[in-house]
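Accompanying notes for the structure given below.
Just the heavy atoms: all of them, side chains too, but no hydrogens, waters or symmetry mates, feed the values below. These numbers were taken from a predicted model, which means no experiment stands behind them.
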Amino acid sequence: MELRLHNTLTRSRDALRPLDPLNVRMYVCGPTVYDHAHIGNARPVIVFDVLFRLLRRLYGAEHVKYVRNITDVDDKINARAADRGISIRELTEETYRWFREDTAALGCLPPTVEPRATEHIAEMRTLIERLVAAGHAYVEQEHVLFNVPSMPDYGQLSRRPLDEMIAGARVDVAPYKRDPMDFVLWKPSDMGVPGWDSPCGIKTPGRPGWHIECSAMSWRHLGETFDIHGGGIDLIFPHHENEIAQSRCAFHTGVMAQMWLHNGFLMLEGEKMSKSLGNFVTIRELLEEWPGEVLRLTMLSTHYRQPINWTRQGLGFAAKTLDKWYRVIGDVEAESGADNPFEHEIAERLSDDLNTPSAISHLHHLADVAEHEEASSALRRRFKGAANLMGLLTETESAWRARAKESVALDEATIGALIAERLAARKSKDFKRADQIREELAAKGIVLMDNKDGTTSWEVAR
RNA sequence: GGCCACGUGGCGGAGUGGUUACGCAGCGGACUGCAAAUCCGUGUACGCCAGUUCGAUUCUGGCCGUGGCCUCCA
């Protein structure tokens, strides 16, 4: 099976040819830890988790290395810590903990490595000194800057020719820049701001610029070149462009990563998500109302490169779908592995540039197939295994139902008593009272189901 | 201003040079005391205008519309 992915570098759907199939390497830009992650942050986390799972299936779990960094040095962090009157370390630790909990709830596997920027300052200094030595960077007023014109083919990823960018530049050019396009690799730290020993003989302590951390961490954990680099579409310029400049010029390589993947933006109820307009929602807030799996299925219902419109309606669709699928699988164990033909069929759809909507469509079909096979649980086990490849249907129906029932306002005993009363009413043909109880519970989001064997069970309405 | 995406049926959302995507909702039916769930059946589509073609929703050009990047941002 060939994995084809849309490569931003070539603007075409390219087959993945790992540099080393025994060590397939992927780097994804992770969060800056200063606040709760919002649902837009969840998109790359979920999308690249699906890719990670697919790569593990194609190349073997032990042959895939997935690195997602934690940025714990940044001016936003400094400002937030000061606002809250806590230390930077407290803020980043707390935020990182939240992030881990959120991503786990979304059903994402932990990456192979989650490196922190502050633990890679030495690598950053090494890179910076190499760039200066090679004539790609210079020291000015205690800053170290990357000299963009020193790299003739700068701009390949974003396809912005240099002269156009200079013409379009409308930012005030800092006096220490030789060229308007030059960007900061290292800058001095004032008192009260975290600082480390500076490179290049600069006496004042300093801190890294925005882009150098990813070059440093990908180098340390994946090498000078690797297979896949991912992130949000907004990172193409300048972040990824500058990462490429740093890494390629430091190592004298033709590429940094072979494949560059970018997920599209997220809108909220048709509006641009904007903190200043107040329309943004954190993962944590959504998790109070919906199981993480509902968020995950909702996110995967739209192809990763398309803009996604995040709506309550979409969440409702996903919840309803999962209700159905869990009913189909019951409490069976998943069948996973190369021998499961259903899983293979899903893998094929995912191999076509992570076509998750098509894969989900096929899961609907597989659910129908599995449901009709009353005699054997084998197909249900295969269906579950296929869904598991996307990180879906990872628990049992019992666990899923129990989770949904947690959110109900009434306690089990009260519901049970009302069900018993209704059964008695039905027995004595008092259908008026029976319907009254049904409506009473329905008003509280509870749906009653009269089973064939004479019992009555209940579920949470969607 | 420069660069780049996208525009599919009531809604969500894939895909394709000629053949049913799929899901939800709707409608009809079966089942049910009534329901829920399930099952069977069923309608609606490719922004606009040209061009290429035997044939375009799918390719090309133009137009209109929406959104993104160019400054921190997934």
Rounded to the nearest Å, what distance is computed from the [atom1] atom of residue [X] to the [atom2] atom of nucleotide [N]?
X: A:Arg159; N: B:G2; atom1: CZ; atom2: C1'; value: 16 Å
X: A:Glu371; N: B:G23; atom1: CD; atom2: P; value: 12 Å
X: A:Tyr304; N: B:C6; atom1: OH; atom2: C1'; value: 16 Å
X: A:Ile77; N: B:C72; atom1: CD1; atom2: C1'; value: 13 Å
X: A:Asn451; N: B:A35; atom1: CG; atom2: P; value: 17 Å
X: A:His303; N: B:G13; atom1: NE2; atom2: P; value: 13 Å
X: A:His262; N: B:C6; atom1: NE2; atom2: P; value: 16 Å
X: A:Arg349; N: B:A21; atom1: CZ; atom2: C1'; value: 9 Å

If the [atom1] atom of [N] is compared with that of [M], how far apart are they to the nearest Å?
N: B:A56; M: B:C48; atom1: C1'; answer: 15 Å
N: B:U19; M: B:C3; atom1: P; answer: 37 Å
N: B:C64; M: B:U16; atom1: C1'; answer: 25 Å
N: B:C54; M: B:C49; atom1: C1'; answer: 23 Å
N: B:C39; M: B:A25; atom1: P; answer: 12 Å
N: B:A45; M: B:A21; atom1: C1'; answer: 12 Å
N: B:A30; M: B:A35; atom1: C1'; answer: 15 Å
N: B:G43; M: B:U53; atom1: C1'; answer: 32 Å

With the side chain of [X] defined as its heavy atoms from C-beta on, choose the nearest nucleotide among [options].
X: A:Gln306; options: B:A14, B:A74, B:G15; answer: B:A14
X: A:His364; options: B:C4, B:G23, B:A74; answer: B:G23
X: A:Arg13; options: B:G15, B:A35, B:A74; answer: B:G15
X: A:Leu235; options: B:U38, B:A21, B:A74; answer: B:A74
X: A:Leu266; options: B:U38, B:C69, B:A74; answer: B:A74
X: A:Pro357; options: B:A14, B:C34, B:U38; answer: B:A14
X: A:Asp368; options: B:C39, B:C34, B:A14; answer: B:C39
X: A:Asn263; options: B:U38, B:C70, B:A74; answer: B:A74
X: A:Phe265; options: B:C34, B:A35, B:C69; answer: B:C69
X: A:Phe317; options: B:C72, B:A74, B:G12; answer: B:G12

Using a heavy-atom cut-off of under 4.0 Å over every strand shown, decide if [X] touches base, sugar-phosphate, or nothing.
X: A:His239; result: nothing
X: A:Glu459; result: nothing
X: A:Lys429; result: nothing
X: A:Arg68; result: nothing
X: A:Met273; result: base
X: A:Arg426; result: base

Does any donor-acceptor pair link the side chain of [X] with the base of [N] at a separation under 3.5 Å?
X: A:Asn309; N: B:G12; value: no
X: A:Asp450; N: B:C34; value: yes
X: A:Arg438; N: B:A35; value: yes
X: A:Arg433; N: B:G33; value: no

Return the nucleotide paired to [N]: Watson-Crick means purine N1 to pyrimidine N3 with N6-O4 or O6-N4, wobble means G-U with N1-O2 and O6-N3, both under 3.5 Å.
N: B:G1; value: B:C70
N: B:G7; value: B:C64
N: B:G15; value: none
N: B:G26; value: B:U42

request  = Can you label the angle between the A:Tyr66 ring and the A:Phe52 ring as parallel, tilted or perpendicular, going by 30° and 60°?
outcome  =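 If you compare the ring of A:Tyr66 with that of A:Phe52, the planes turn out tilted.
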inquiry  = Using 30° and 60° as the class boundaries, would you call the ring planes of A:Phe183 and A:Phe146 parallel, tilted or perpendicular?
reply    =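 If you compare the ring of A:Phe183 with that of A:Phe146, the planes turn out parallel.
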Any donor-acceptor N/O pair, A:Asp14 side chain to A:Met259 backbone, under 3.5 Å =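 Checked: no pair found.
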CG on A:Asp35 to CG on A:Asn41, rounded to 0.5 Å =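 Output value for this atom pair is 9.5 Å.
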key: Interatomic distance, A:His240 atom NE2 to A:His229 atom NE2 [nearest 0.5 angstrom]   =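 Between atom NE2 of A:His240 and atom NE2 of A:His229 there are 3.5 Å.
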request  = Please state whether the phosphate of B:A25, meaning OP1 or OP2, lies under 4.0 angstrom from any side-chain nitrogen or oxygen of A:Lys320.
outcome  = yes
request  = Would you indicate, yes or no, if B:G23 has its OP1 or OP2 atom less than 4.0 angstrom from a side-chain nitrogen or oxygen of A:Thr321?
outcome  =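 No, A:Thr321 has no side-chain N/O under 4.0 Å of OP1/OP2 on B:G23.
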query = Where each residue is assigned the nucleotide of RNA chain B containing its nearest heavy atom, which of A:His362 and A:Gly314 is assigned the position nearer the 5′ end?
reply =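 It is A:Gly314 whose nearest nucleotide is closer to the 5' end.
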Residue whose closest nucleotide on RNA chain B lies nearer the 5' end, A:Asn355 versus A:Phe431 =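 Per heavy-atom nearest nucleotide, the more 5' residue is A:Asn355.
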Aromatic contact between [X] and [Y], with the criterion being ring centroids under 6.0 Å apart: yes or no?
X: A:His303; Y: A:His6; answer: no
X: A:Phe342; Y: A:Phe383; answer: no
X: A:Trp186; Y: A:His143; answer: no

task = Walk me through it: do A:His120 and A:Trp219 pass the test ring pair (Phe, Tyr, Trp, His ring centres under 6.0 Å)?
result = CA-CA 10 Å; A:His120 297 76; A:Trp219 174 39; over 10 Å; no
